[in-house]
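Here the structure comes first, spelled out in structure tokens, and everything after it is commentary.
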2 protein chains.
Amino acid sequence: MHAPADLVSTLRDRGLRMTPQRLAILSAIMHTPGHISPTALARRIQGEMPGVNPSTVYRTLALLEEIGVLAHAHLEGGAEYHRAEEAGHVHLTCSRCGAGDDLSLEEATRLQAMIEETHGFHADLTHFAISGVCETCWNSVDRTGPKPARTR
Amino acid sequence: MHAPADLVSTLRDRGLRMTPQRLAILSAIMHTPGHISPTALARRIQGEMPGVNPSTVYRTLALLEEIGVLAHAHLEGGAEYHRAEEAGHVHLTCSRCGAGDDLSLEEATRLQAMIEETHGFHADLTHFAISGVCETCWNSVDRTGPKPARTR
DNA sequence: GTATATGCAAAGGTTTTGCACAGCC
DNA sequence: GGCTGTGCAAAACCTTTGCATATAC
């Protein structure tokens with residue numbers, strides 16, 4: 001949906017500019033399969049392109065989200081960013097082992113439909129993770145039920 | 001499930017002690033209908049019982065969660081604590097107007113069952129809020145779909 | 001050339017930690 | 001009296017903001 005060329009146009013249309021920093025940040029996220037936190041991203045960028053300031057990373061993330069290129073979700077460790085195209089991923093995170101899984105799109109749609117019917121609430125299950133205990137952890141050890149451990 | 005008397009015993013069994021600060025913090029949360037953030041709690045406690053340090057609030061919250069009296073959930077504004085008994089509340093928060101609603105317990109159970117069937121994942125829908133657009137907001141204004149606004 | 005973007009530095013806010021003292025049991 | 005809990009202060013983080021400079025267009 002958003003090849004770099006498109007992005008440049010999108011920016012220009014708004015009187016905004018493409019810079020090496022923005023390109024590096026964008027590229028880093030586009031090559032990240034899942035999601036990445038601002039701080040992790042800042043560190044990674046720092047490696048590839050020393051001198052890029054964290055504040056630039058934050059400003060760029062906010063910008064890219066505003067123009068619809070990126071989105072963020074809230075996982076256990078805090079906010080994480082991902083490509084907007086990759087939205088639709090509903091994150092399941094195991095509170096025991098930390099393993100992550102994704103709900104399928106159809107499944108997510110079914111859940112959302114269910115919530116909409118009863119509450120008229122149009123849920124976006126991608127914005128927050130869903131915590132719980134994965135099958136492996138559930139079958140092993142004690143079975144005290146889904147009780148999230150300390151988050152931070 | 002946890003009257004103060006019980007709590008004192010629970011603490012004693014672990015070689016822990018009941019203090020005025022812990023009592024004040026616990027009381028504040030027990031009298032809070034929904035959920036409350038650590039900082040908000042610290043401020044409230046400060047009003048009732050000047051001199052109580054924020055660090056004490058944080059340590060107490062962690063302790064009370066560890067012994068199962070409290071639990072926390074991740075809402076838009078960050079982590080919030082609530083009575084463990086009051087778990088089962090699945091928070092729906094509107095990204096447009098900020099309004100909050102709760103999923104019924106049966107409904108939550110149905111959703112969890114659905115996820116379990118297909119993924120073997122035992123979800124705890126109470127740990128993270130569910131973001132989306134409430135009926136009112138959906139019916140008014142533009143209908144661009146559930147797109148969470150900037151969180152922080 | 002001009003408006004935008006960046007780096008830098010400082011500030012803001014939240015949460016954690018070390019340590020000496022206070023206080024519960 | 002001994003061990004736990006608290007206050008205090010400092011530090012560790014993460015994130016935001018103001019401003020001068022650099023730079024994309």
Side-chain angles (χ1 to χ4, degrees), chain A residues 4-5 7-28 35-46 48-67 69-70 72 74-81 150-152, chain B residues 4-5 7-28 35-46 48-67 69-70 72 74-81 150-152:
Chain A
L7 178 58
V8 173
S9 310
T10 306
L11 290 175
R12 286 229 180 105
D13 291 349
R14 294 188 171 220
L16 303 176
R17 300 165 184 179
M18 178 50 74
T19 66
Q21 291 90 338
R22 286 182 179 171
L23 204 52
I25 292 168
L26 183 71
S27 163
H35 33 79
I36 185 169
S37 71
T39 50
L41 182 62
R43 272 189 284 271
R44 182 181 302 182
I45 296 289
Q46 200 52 232
E48 304 172 6
M49 197 177 178
V52 176
N53 200 277
S55 63
T56 298
V57 173
Y58 283 100
R59 288 188 277 226
T60 300
L61 287 174
L63 174 70
L64 293 178
E65 183 165 30
E66 228 175 275
I67 64 179
V69 175
L70 301 181
H72 74 269
H74 295 278
L75 310 189
E76 277 295 332
E80 305 244 335
Y81 283 79
R150 313 191 49 195
T151 292
R152 295 208 199 182
Chain B
L7 179 57
V8 173
S9 310
T10 306
L11 290 174
R12 285 223 182 112
D13 292 349
R14 295 191 171 219
L16 303 176
R17 299 165 185 179
M18 178 50 74
T19 66
Q21 291 90 338
R22 287 182 178 171
L23 205 51
I25 292 168
L26 182 71
S27 162
H35 32 79
I36 186 170
S37 71
T39 50
L41 182 62
R43 273 188 284 272
R44 181 180 302 181
I45 296 290
Q46 199 53 232
E48 303 172 6
M49 197 176 176
V52 176
N53 200 276
S55 64
T56 298
V57 173
Y58 283 100
R59 288 188 277 226
T60 301
L61 287 174
L63 173 71
L64 293 178
E65 183 165 31
E66 229 174 274
I67 63 179
V69 175
L70 301 182
H72 74 269
H74 296 277
L75 310 189
E76 278 293 334
E80 305 244 334
Y81 283 79
R150 316 191 47 197
T151 293
R152 289 212 202 184

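First the proteins, then the strands, lettered A, B, ... as listed; each starts at 1.
- Of the residues near DNA chain D, A/P38 and B/P50, the one whose nearest nucleotide (by heavy atom distance) lies more toward the 5' end is B/P50.
- Checking the phosphate oxygens (OP1, OP2) of D/dT4, no side-chain nitrogen or oxygen of B/R59 falls inside 4.0 Å.
- Rounded to whole Å, atom P of D/dG5 lies 15 Å from atom CG of B/L26.
- Counting to the nearest Å, the C1' atom of D/dC8 and the OH atom of B/Y58 are 16 Å from each other.
- Put simply, the side chain of B/R22 does not reach to within 4.5 Å of the side chain of B/L7, judged on heavy atoms.
- Look at CD1 on B/I45: it is 14 Å from C1' on D/dT6, rounded to the nearest Å.
- Side-chain atoms of A/M18 and A/R12, non-hydrogen and from C-beta on, never get closer than 4.5 Å to each other.
- Rounded to a whole Å, the CG atom of B/L23 is 12 Å from the P atom of C/dC24.
- Counting to the nearest Å, the C1' atom of C/dT16 and the CG atom of B/L63 are 16 Å from each other.
- One finds a side-chain N or O of B/T56 lying less than 4.0 angstrom from the OP1 or OP2 phosphate oxygen of D/dG7.
- Taken from CG in B/L75 to NE2 in B/H35, the straight-line distance is 5.0 Å, to the nearest 0.5 Å.
- At whole-Å resolution of the value, CZ in B/R14 and C1' in D/dC3 are 17 Å apart.
- The CD1 atom of B/I25 sits 10.0 Å away from the CZ atom of B/R59 when rounded to the nearest 0.5 Å.
- With D/dG7, C/dG7, D/dT15 as the candidates, the nucleotide lying closest to the side chain of B/S55 is D/dG7.
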Open item on the list: One character per nucleotide, please: for nucleotides 20-25 of chain D, 5' to 3', B when the base has a protein heavy atom closer than 4.0 Å, S when only the sugar-phosphate does, - otherwise.
Closed with: ---BBS
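- For the pair B/Q46 CD and D/dG7 C1', the computed distance is 11 Å after rounding to whole Å.
- Within the 4.5 Å cutoff, no side-chain heavy atoms of B/T60 are placed close to those of B/Q21.
- Contact annotation: the side chain of B/Y58 never approaches that of B/N53 to less than 4.5 Å [non-hydrogen atoms, C-beta and beyond].
- Distance CD (B/E80) to P (C/dT15): 10 Å, rounded to an integer number of Å.
- Using a 4.5 Å heavy-atom threshold, the side chains of B/L41 and B/L61 count as touching.
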